[in-house]
Amino acid sequence: MMKVAVVGVGHMGSAIIKGLKDSPENCIIAENPVNPRVSKLANELNFKLVNTLSDLVDQDPEIVILTTPANITLDLIPELINLDSDSIIISAAAGIEYKKIKAILPNHTIARIIPNIPVAINAGTIGLFLPDEVDQNRRQVILDFLNQLGDVIPVKEEQLSIVGTIGGCGPAFVDVFLDALGDAGVLNGLPRDQANALAASMVKGSASLAYESKTAPAVLRDQVCSPGGTTIQGVASLEKNGFRYAVIDAVNKANKN
């Protein structure tokens with residue numbers, strides 16, 4: 001059984017715990033200042049909760065995941081200096097560079113991730129940066145661990161920002177699209193619950209096909225668009241109304257470009 005510690009039980013920390021809790025291979029420990037919401041969650045999900053980092057270090061975890069806000073993460077990391085050097089540190093704190101963490105914990109294996117909230121149901125999208133110095137055995141441990149939570153996409157460190165934008169903000173963009181599809185279904189006579197379920201099922205299936213087949217979205221689109229048919233007419237309407245540009249611009253704005 002692997003001891004996994006989650007530092008910070010906010011939205012992301014809670015989502016990661018939910019994604020890990022059902023595996024008998026994981027013994028979950030979480031650290032968070034005293035908070036009734038977190039205490040209630042610990043009781044509901046049956047994980048061990050401590051309120052100080054020194055108590056967490058005493059638990060001797062094999063993997064420590066940092067999900068604290070970026071503005072306090074660097075202040076907290078020195079409190080982990082007494083962790084066994086075999087402990088792996090995985091930072092989910094956006095914007096905190098690997099070299100800054102490594103300078104504080106030079107003897108530890110360190111990885112950076114940018115996950116999204118669907119890790120809660122083991123369907124996350126996780127951008128992963130591993131420095132070259134991490135050996136193959138450790139790489140495999142980290143990959144096997146993160147694969148429990150969803151799809152792992154290895155990237156360069158400087159690419160984590162755009163991974164976070166598409167993976168983290170993208171669900172909200174998809175939700176807007178789903179809501180619009182639901183409205184269209186209701187406009188054309190479907191009950192709201194059926195319209196929403198239809199839209200969600202369609203997006204789930206289409207995304208799964210694109211991911212599993214590794215086929216370019218444009219190729220998949222063309223497979224559905226018969227010459228002169230209804231689908232290509234709908235696609236032409238999306239183009240006319242700037243759908244593609246709206247998506248690109250949304251990503252750029254969210255990524256502060």
Side-chain angles (χ1 to χ4, degrees), residues 1-68 73 76-77 79-80 82-93 101 105 108-130 134-154 167-168 171 200 204 207-208 211-212:
M1 182 174 289
M2 179 177 287
K3 285 188 180 180
V4 181
V6 177
V7 179
V9 192
H11 292 304
M12 184 54 67
S14 298
I16 288 173
I17 290 169
K18 289 174 182 177
L20 295 174
K21 70 177 178 63
D22 289 333
S23 171
E25 300 301 316
N26 299 321
C27 173
I28 301 172
I29 308 149
E31 185 278 335
N32 200 86
V34 176
N35 182 310
R37 174 191 62 80
V38 177
S39 297
K40 180 181 178 183
L41 186 68
N43 288 330
E44 291 174 353
L45 301 183
N46 193 31
F47 62 87
K48 183 177 180 64
L49 177 64
V50 297
N51 300 126
T52 68
L53 285 174
S54 61
D55 287 340
L56 182 140
V57 170
D58 288 343
Q59 298 296 316
D60 198 23
E62 294 159 80
I63 291 180
V64 177
I65 307 173
L66 307 176
T67 66
T68 44
T73 298
L76 296 177
I77 291 173
E79 297 183 49
L80 300 174
N82 290 324
L83 274 172
D84 189 287
S85 60
D86 285 337
S87 298
I88 295 171
I89 311 297
I90 300 177
S91 173
I101 303 173
L105 299 173
H108 290 81
T109 298
I110 296 166
R112 286 189 63 199
I113 61 170
I114 299 292
N116 62 4
I117 291 297
V119 295
I121 57 168
N122 311 100
T125 303
I126 305 161
L128 167 66
F129 166 69
L130 278 172
V134 178
D135 66 46
Q136 190 55 46
N137 288 338
R138 289 260 155 160
R139 286 176 179 272
Q140 198 58 54
V141 168
I142 293 168
L143 285 169
D144 289 345
F145 172 72
L146 293 174
N147 278 328
Q148 298 178 75
L149 297 170
D151 300 320
V152 180
I153 302 174
K204 178 180 70 172
S208 295
Y211 186 83
E212 296 296 334

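Residue numbers start at 1 and run along the sequence shown.
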Inset, instruction - Please check if atom CG in Asn46 has more than 12 non-hydrogen atoms from other residues, nucleotides or ligands closer than 6.0 Å. - result: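 At most 12 heavy atoms, drawn from other residues, nucleotides or ligands, come within 6.0 Å of this atom.
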Could you list the donor-acceptor pairs under 3.5 angstrom formed by side chains in residues 8-23, with sequence neighbours left out?
{"from": "Ser14", "atom 1": "OG", "to": "Gly10", "atom 2": "O", "distance (Å)": "2.7"}
{"from": "Ser23", "atom 1": "OG", "to": "Glu25", "atom 2": "N", "distance (Å)": "3.2"}

Inset, instruction - Would you check if the side chain of His108 reaches a backbone N or O of Leu83 as a donor-acceptor pair within less than 3.5 Å? - result: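 Confirmed, His108 side chain pairs with Leu83 backbone.
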Legend entry - Whether Thr73 side chain and Thr68 backbone form a donor-acceptor pair below 3.5 Å: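 The answer is yes, because a donor-acceptor pair under 3.5 Å joins these two groups.
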How many angstroms lie between atom [atom1] of [X] and atom [atom2] of [Y], to the nearest 0.5 angstrom?
{"X": "Ser87", "Y": "Leu80", "atom1": "OG", "atom2": "CG", "result": "9.0 Å"}
{"X": "Leu66", "Y": "Ile113", "atom1": "CG", "atom2": "CD1", "result": "9.5 Å"}
{"X": "Ile110", "Y": "Ser91", "atom1": "CD1", "atom2": "OG", "result": "9.0 Å"}

Side chains of [X] and [Y]: does their closest heavy-atom pair fall under 4.5 Å?
{"X": "Arg139", "Y": "Thr109", "answer": "no"}
{"X": "Ile117", "Y": "Pro171", "answer": "no"}
{"X": "Phe129", "Y": "Ile114", "answer": "no"}

Table please: side-chain donor-acceptor pairs of residues 140-151 below 3.5 Å, with sequence neighbours left out.
{"from": "Gln140", "atom 1": "NE2", "to": "Asp144", "atom 2": "OD1", "distance (Å)": "2.9"}
{"from": "Asn147", "atom 1": "ND2", "to": "Leu143", "atom 2": "O", "distance (Å)": "3.0"}
{"from": "Gln148", "atom 1": "OE1", "to": "Asn26", "atom 2": "ND2", "distance (Å)": "2.8"}
{"from": "Gln148", "atom 1": "NE2", "to": "Phe145", "atom 2": "O", "distance (Å)": "3.2"}
{"from": "Asp151", "atom 1": "OD1", "to": "Tyr211", "atom 2": "OH", "distance (Å)": "3.4"}

Legend entry - Closest contact, heavy atoms only, Cys27 versus Met1: CB-SD, 3.5 Å
N/O donor-acceptor pairs under 3.5 Å from side chains in residues 53-64, not counting sequence neighbours:
{"from": "Ser54", "atom 1": "OG", "to": "Thr52", "atom 2": "OG1", "distance (Å)": "3.1"}
{"from": "Asp55", "atom 1": "OD2", "to": "Thr52", "atom 2": "OG1", "distance (Å)": "3.1"}
{"from": "Glu62", "atom 1": "OE2", "to": "Lys3", "atom 2": "N", "distance (Å)": "3.0"}

